[in-house]
Structure formats: structure tokens, C-alpha cells
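Structure first, commentary second.
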2 protein chains.
Amino acid sequence: MAAVRRMGPPDSATSSALLDAAERVLRNEGYGAASSRRIAEEAGVKQQLVYYYFRTMDDLLLACFQRRTARALARLTEDVASNQPAHAVWWTLSDSQDARLAFEFMALANRHDGIREEIARFLTESRRMTADAIARQCKEQGTDLGPVTPAAAAFLLSTVNVFLGREAATGVTEGHKDIRALIEWALNRID
Amino acid sequence: MAAVRRMGPPDSATSSALLDAAERVLRNEGYGAASSRRIAEEAGVKQQLVYYYFRTMDDLLLACFQRRTARALARLTEDVASNQPAHAVWWTLSDSQDARLAFEFMALANRHDGIREEIARFLTESRRMTADAIARQCKEQGTDLGPVTPAAAAFLLSTVNVFLGREAATGVTEGHKDIRALIEWALNRID
DNA sequence: GTCTATACACCGATAGAC
DNA sequence: GTCTATCGGTGTATAGAC
């Protein structure tokens with residue numbers, strides 16, 4: 001029956017600043033550095049304020065991820081409705097900052113049940129939307145992708161960028177130019 | 001000048017058991033759980049023994065990764081020399097346990113300089129070996145992969161499995177069947 | 001080679017004053 | 001809404017006995 005602690009509204013400026021700070025820490029230092037003290041410092045507030053706006057650290061990280069997925073799904077909805085859906089999805093996912101953050105959340109899912117479930121929901125949903133858009137586009141254009149089914153294309157579109165971003169941050173670029181060229185070639189066949 | 005602490009040999013049974021334990025903890029619980037206490041417990045020894053065999057926790061994790069890359073490069077050398085190099089590389093990388101561990105090390109690289117450098121070296125080297133083998137195979141067989149250059153194929157071979165493994169552990173399987181079929185199709189064209 | 005004991009930093013989280 | 005103070009737990013790492 002706990003839940004007696006006083007708590008602030010989820011839409012305040014400070015709450016939002018904490019979520020922004022959490023994103024930066026996760027992206028640049030990894031989830032191992034995402035402590036209440038480090039995130040509060042990054043946001044420029046006292047550590048204890050974290051627990052005024054969020055019940056637990058796990059709650060903060062989950063809220064951070066959910067804010068991201070809500071934005072990503074809104075953006076994806078626009079992308080698949082555009083007249084070059086495959087290109088639009090690819091360019092949205094091409095943001096290197098987002099890719100590194102996405103990687104960190106995937107890693108976090110290993111020990112955070114809530115985030116694991118959210119990731120499963122989000123990936124399944126977004127991949128279906130992308131696959132449907134590609135299938136529709138191919139049908140309209142009369143394009144045959146051969147062994148590359150819409151579902152396979154959607155998988156590649158959503159995973160390749162995450163690796164490109166993480167590897168680039170690690171100092172690896174082997175094969176990156178070629179894989180980008182290959183994706184561009186495929187996008188031009190689809191759209 | 002430090003380095004005054006007494007330390008054990010790097011090839012003992014206990015040292016090896018600690019590295020095995022570290023692999024299991026990393027794979028199943030993530031790098032956030034890879035503490036000296038947790039790893040010692042997993043290996044069935046006292047926490048302080050970790051510091052008899054390894055100078056720091058970072059050293060242990062680096063040794064763990066280096067043991068893995070040494071084995072992986074040896075295996076890769078066999079694979080690329082076989083008469084179906086592409087298939088051999090793919091099946092080696094298809095081990096889901098290895099894939100999940102590889103993902104964890106990629107995440108660790110965000111905050112561990114030594115591992116980041118080792119990953120950069122290993123990925124660059126292994127990807128070149130794979131690309132060379134694919135290029136050679138295509139030349140011998142007279143196969144034209146079109147927009148899929150050997151470097152692009154090597155990138156996909158080394159990254160797709162890592163995501164398949166991590167996603168499956170997260171409860172996501174959307175597009176997995178299709179991407180496996182696509183890879184198989186491509187492998188049969190190459191070898 | 002392994003044990004006990006222990007120092008010190010940082011972690012998540014709470015209580016209550018202002 | 002933000003502050004100070006603080007608790008118990010866990011983390012890395014070391015010293016010295018057996």
C-alpha cells in the first residue's frame with residue numbers, strides 16, 4: 001500500500017528537463033551512468049527532485065522511453081503516408097543520435113521488464129507499419145523485390161541504422177559506405 | 001608506479017572460471033550486473049579473488065572480450081577457408097548466445113575505452129576477411145551480386161545475427177523469418 | 001591461493017523543514 | 001516546488017593473516 005510520497009505533475013518544465021537529461025546521459029555515457037545523481041546534475045537540479053517527479057529510477061527511464069516511442073510513432077505515421085514512404089522512414093531512422101539512444105534502450109531491456117515490454121510493442125508495431133507501406137508501394141508501382149519481402153525490408157530499415165550509429169561512435173566504418181549505397185539502391189526500387 | 005599488489009597467473013583454472021562466469025552474467029543480465037560480487041558468486045568464489053587474478057574490473061571485462069575475439073578470429077579463419085565461406089561464417093555467427101554477448105560488449109564500449117578499441121580492431125579485421133572471402137568466391141563462381149558489394153554483404157552477415165539474438169530475447173520476432181530466408185537465398189547465390 | 005576485515009564512494013530512496 | 005539530512009545497500013579495491 002505504499003505510494004504515500006508527495007509527487008509532482010508529469011508535465012512540468014523540470015520533469016521534462018529531467019527526461020532530456022536522461023536521454024543525453026544514456027546516449028553519451030550508457031545506462032550504467034544513468035543514476036539519479038548524474039541525471040539530476042545534467043539537468044541542473046538536486047538529486048532528490050528526481051523522486052519528486054518520478055516514483056523510482058525505473059519509472060524515469062520508462063517515461064523517457066515512452067516519450068520517445070510516442071514521438072517516433074507519430075513521425076512514422078507521417079512517413080508511411082508520404083509519397084516516398086521507404087525513403088521517408090529511412091531518413092527518419094538515419095539520425096545518428098536516435099540510433100545510439102535506441103541501442104542503449106535495447107541493452108537496458110535486458111534488466112528492465114517495463115522497457116522490454118515497451119520495446120517489443122514498439123518494434124512489432126513500427127515494423128508492421130513499415131512493411132505494410134512497402135507492400136502497398138510495391139503493389140502500386142508494380143515492383144517485384146524478389147527475395148526481399150516487405151517484412152525483410154522493414155527489418156533491415158529499422159536495424160541497419162542502429163548499427164551504423166553505434167559502430168560509428170565506436171570508431172568502426174568498415175562496410176558503411178557500401179551498405180548505405182545498397183539501401184539507397186533498394187529505396188529507389190521501392191519508391 | 002603502483003602495481004604492488006600480489007597477483008595470480010592468467011592461465012589458472014580459477015581465472016578461467018571467472019571469465020566464464022563473466023560471460024554468463026553479461027549475456028543473461030547485462031553489463032550493469034557485471035560486478036565483482038556477482039561474477040565471483042557466479043563462479044563460486046569469494047569476491048576478493050577477482051582482484052587476485054585481475055587488476056581491476058575493467059581488466060577482467062577486457063580479458064573476457066579478448067579471449068572471445070581470439071577464439072572468434074580463429075574460427076573465422078577456418079570459415080573463410082572452407083569451400084562454402086559465406087555459409088560457414090553465417091552459421092558461426094548464428095549462435096544466439098554469442099550474438100547476445102556481442103551486443104552487450106558493443107554496449108559496454110560506450111564507457112570502456114579498452115573494449116571500444118578492441119571492438120574497432122576486431123570488427124574491421126573480421127569484416128575485411130569476410131568481404132575478401134565473398135569477393136573471391138564470387139570471382140571463382142562468376143557470380144554478380146549487383147548492388148550487394150562484398151563489403152555490404154559482410155556488414156549484413158556480421159550485424160543481422162546480433163539483432164536477431166537480442167530481439168528474440170526481448171520477445172520480438174517480427175520479420176525474423178523473412179530476413180533469415182533472405183540471407184539463405186543470398187548465401188546460396190554466393191557459395 | 002584463499003581467507004577475513006575493512007575503507008570509501010556512490011547508489012536508490014525517504015522524511016521533514018522551508 | 002525545492003531544500004537539507006540521512007539510511008541501508010552495493011560497488012571497487014586494498015591490507016594482512018592463514
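We name chains A, B, ... by the order of the sequence lines, and we start the count at 1 in each one.
At whole-Å resolution of the value, OH in Tyr52(B) and P in dT2(C) are 8 Å apart. Counting to the nearest Å, the P atom of dA13(C) and the CD1 atom of Ile39(A) are 12 Å from each other. Taking atom CZ of Arg6(A) as the reference point, atom P of dC3(D) lies 13 Å away to the nearest angstrom. When the P atom of dG1(C) is taken as reference, atom CE of Met7(B) falls 11 Å away, rounded to whole Å. Between Leu60(A) atom CG and dC11(C) atom P there is a gap of 14 Å when expressed in whole angstrom units. Taking atom NZ of Lys46(B) as the reference point, atom C1' of dG16(D) lies 17 Å away to the nearest angstrom. Rounded to a whole Å, the CE atom of Met57(A) is 18 Å from the P atom of dT10(D). The nearest whole Å value for the distance from the CG atom in Asp59(A) to the C1' atom in dG12(C) is 13 Å.
Not a single donor-acceptor contact under 3.5 angstrom links the side-chain atoms of Arg55(B) to the base of dT12(D). At a cut-off of 3.5 angstrom, counting only N and O atoms as typed in the model, there is no donor on one side facing an acceptor on the other between the side-chain of Arg38(B) and the base of dT10(D).
Pairing each heavy atom of Tyr53(A) with each of Pro9(A), the nearest pair is CD2-O, 3.7 Å.
Ring to ring, Tyr31(B) and Tyr31(A) are close: their centroids are under 6.0 angstrom apart.
No side-chain N or O of Glu174(A) forms a donor-acceptor pair with one of Thr124(B) less than 3.5 Å apart. No hydrogens or angles considered: a donor-acceptor pair under 3.5 Å links the side chains of Arg127(B) and Ser158(B). In this structure, a donor-acceptor pair under 3.5 Å is present between the side chains of Glu104(A) and Asn110(B).
Contact check, Ser35(A) against dC11(C): a side-chain N or O comes under 4.0 Å of OP1 or OP2. The side chain of Tyr51(B) contributes no N or O atom lying less than 4.0 Å from OP1 or OP2 of dA15(D).
Of the two residues near DNA chain C, Gln48(B) and Thr14(B), the one whose nearest nucleotide lies more 5' is Thr14(B). The 5' end of DNA chain D is approached more closely, in terms of each residue's nearest nucleotide, by Tyr53(A) than by the other of Tyr53(A) and Arg37(A).
Backbone-only contact: Thr56(A) has heavy atoms under 4.0 Å from sugar-phosphate atoms and none from a base. Within the nucleic acid shown, Phe54(B) has no heavy atom closer than 4.0 Å to any nucleic acid atom.
In this structure, the nucleotide among dT12(D), dT2(D), dT2(C) sitting nearest to the side chain of Leu49(B) is dT2(C). Each of dA13(C), dT2(D), dT12(D) was ranked by its minimum atom distance to the side chain of Ser36(B); first place goes to dT12(D).
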